[in-house]
Structures are given as structure tokens and as C-alpha cells.
A.B. asks: 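Sending over a structure as C-alpha cells; questions will come in a sec.
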Amino acid sequence: MSEIDDYSAQVLDVVDSIPAGQVMSYGDIAEYLGAGGPRQVGRVLSRYGGGAPWWRVIHADGTPAEGHETRALEHYLAEGTPLRSAAPPVRVNMRQAQYIPPGE
DNA sequence: GCAATGACTGGTA
DNA sequence: TTACCAGCCATTG
């Protein structure tokens, strides 16, 4: 079975700590961890996102992962995430939905 | 070791 | 608002 790196584990831990109805951008997570960059966070989700609420991690623009907009939209509607656009291009209202974890 | 790639970001047009 | 460009950082061939 596959083991994951500490960095990946940290990313998944932060993503898993995001409450329903809120989201974080790739860059925010990378900045919060203080390591790597948004591309590395996205890479972790593409690899291990299957076991974490990846739909709560979106671009700084408020758009979900490309190719998964519909899948993410289903979760947003179910969790009551503040959407700025309920139709494609799907956009989340970052102003309200952006989750800031404790510790800043 | 270098070049290309990727679930990214910010700025400018 | 959308489109294009340059920058950033780790992985992969």
C-alpha cells in the first residue's frame, strides 16, 4: 500500500479541517503551511484528493478544479457554500467562503 | 543536469 | 468579464 509524504499529509490535514460551506485557495494552503506553492498543493490533491474534500480547495478566482466543476457544484449546493455563480463558470464567493484556519 | 509539465497566481490588455 | 503572459516550485523524463 502506498504511504504519503509528510507534506502531502499536512495538505490533506488542512483540507480536512475546512468546515462545510467554506473553502480555501491553493495558494492560501501553501502559504499557511509555509512550504511549496499552489502547484504542489494541487499536485497532492490530484494524487490523494480522493480521500479528502478536494472541492473545498479552489483557485484564487473562486473557480473549482478544472474538469470537476460539476462534481464540485453538487457539493457546494449540498453544503450551502456561498456561490457567486451557480452556473458555469462556477464561482464561489471567496469573500464569504474563504476559511482562515487558527494560527494565521 | 536540463527541459517539460502541472487540480496555480497576479498583473496587464 | 475574458484572454494572454511571466513567475513560482516540485516532480518527471
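Letters A, B, ... mirror the listed sequences (proteins, then strands); counts begin at 1. Bear in mind the structure is a predicted one, so any value in this text is a computation, not a measurement.
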A.B. asks: Between A:V92 and A:P82, what is the shortest heavy-atom contact and its length?
C.D. replies: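 Closest approach of A:V92 to A:P82: CG1-O, 3.6 Å.
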A.B. asks: For A:P89, what residues pass the side chain to side chain contact (heavy atoms under 4.5 Å, CB included) criterion, not counting sequence neighbours?
C.D. replies: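 Testing A:P89 for side chain to side chain contact (heavy atoms under 4.5 Å, CB included), a comparison that skips the adjacent residues, returns none.
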A.B. asks: Go through the structure and list residues passing side chain to side chain contact (heavy atoms under 4.5 Å, CB included) with A:T63, not counting sequence neighbours.
C.D. replies: A:H59, A:D61, A:R91
A.B. asks: Is there a side-chain contact between A:L45 and A:V15, using heavy atoms and a 4.5 Å cut-off?
C.D. replies: yes
A.B. asks: Is there a residue in residues 63-94 of chain A whose heavy atoms reach under 4.0 Å of DNA chain B, and which residues are they?
C.D. replies: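 By residue number: A:A65.
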A.B. asks: In B/S/- notation, 5' to 3', how is nucleotides 8-13 of chain C contacted by protein heavy atoms closer than 4.0 Å?
C.D. replies: -BSS--
A.B. asks: Looking at side-chain heavy atoms only, is the closest gap between A:L73 and A:L83 below 4.5 Å?
C.D. replies: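 The answer is yes; the side chains approach within 4.5 Å.
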A.B. asks: Which residue pairs pass the salt bridge (Lys or Arg N to Asp or Glu O under 4.0 Å) test with at least one member in residues 30-55 of chain A, sequence neighbours excluded?
C.D. replies: none
A.B. asks: Once you round to the nearest 0.5 Å, how far does CD1 of A:I18 lie from OH of A:Y99?
C.D. replies: 8.0 Å
A.B. asks: With sequence neighbours left out, which residue pairs that include part of residues 75-95 of chain A fulfil the ring pair (Phe, Tyr, Trp, His ring centres under 6.0 Å) condition?
C.D. replies: A:W55-A:H75
A.B. asks: Taking side chain as C-beta onward, heavy atoms only, is A:D16 less than 4.5 Å from A:P53?
C.D. replies: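 In short, these two side chains touch, coming nearer than 4.5 Å.
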A.B. asks: What residue pairs, at least two apart or across chains, pass salt bridge (Lys or Arg N to Asp or Glu O under 4.0 Å) with a residue in residues 50-60 of chain A?
C.D. replies: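 Output for this query lists A:R56-A:E79.
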A.B. asks: Going 5' to 3' along DNA chain B, between which two nucleotides do contacts with chain A fall, using a heavy-atom cut-off of 4.0 Å?
C.D. replies: B:dG6 to B:dG10
A.B. asks: Pull out every residue in residues 21-31 of chain A that has a heavy atom closer than 4.0 Å to any atom of DNA chain B, ordered by number, or say none.
C.D. replies: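 A:S25, A:Y26, A:G27, in order of number.
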A.B. asks: For A:E74, what residues pass the salt bridge (Lys or Arg N to Asp or Glu O under 4.0 Å) criterion, not counting sequence neighbours?
C.D. replies: none
A.B. asks: List the atom pairs, donor and acceptor, that lie under 3.5 Å between side-chain atoms in residues 19-29 of chain A and the rest of the protein, sequence neighbours left out.
C.D. replies:
residue, atom, partner, partner atom, Å
A:S25, OG, A:D28, N, 3.2
A:S25, OG, A:D28, OD1, 3.3
A:S25, OG, A:D28, OD2, 2.8
A:D28, OD2, A:Q98, NE2, 2.3

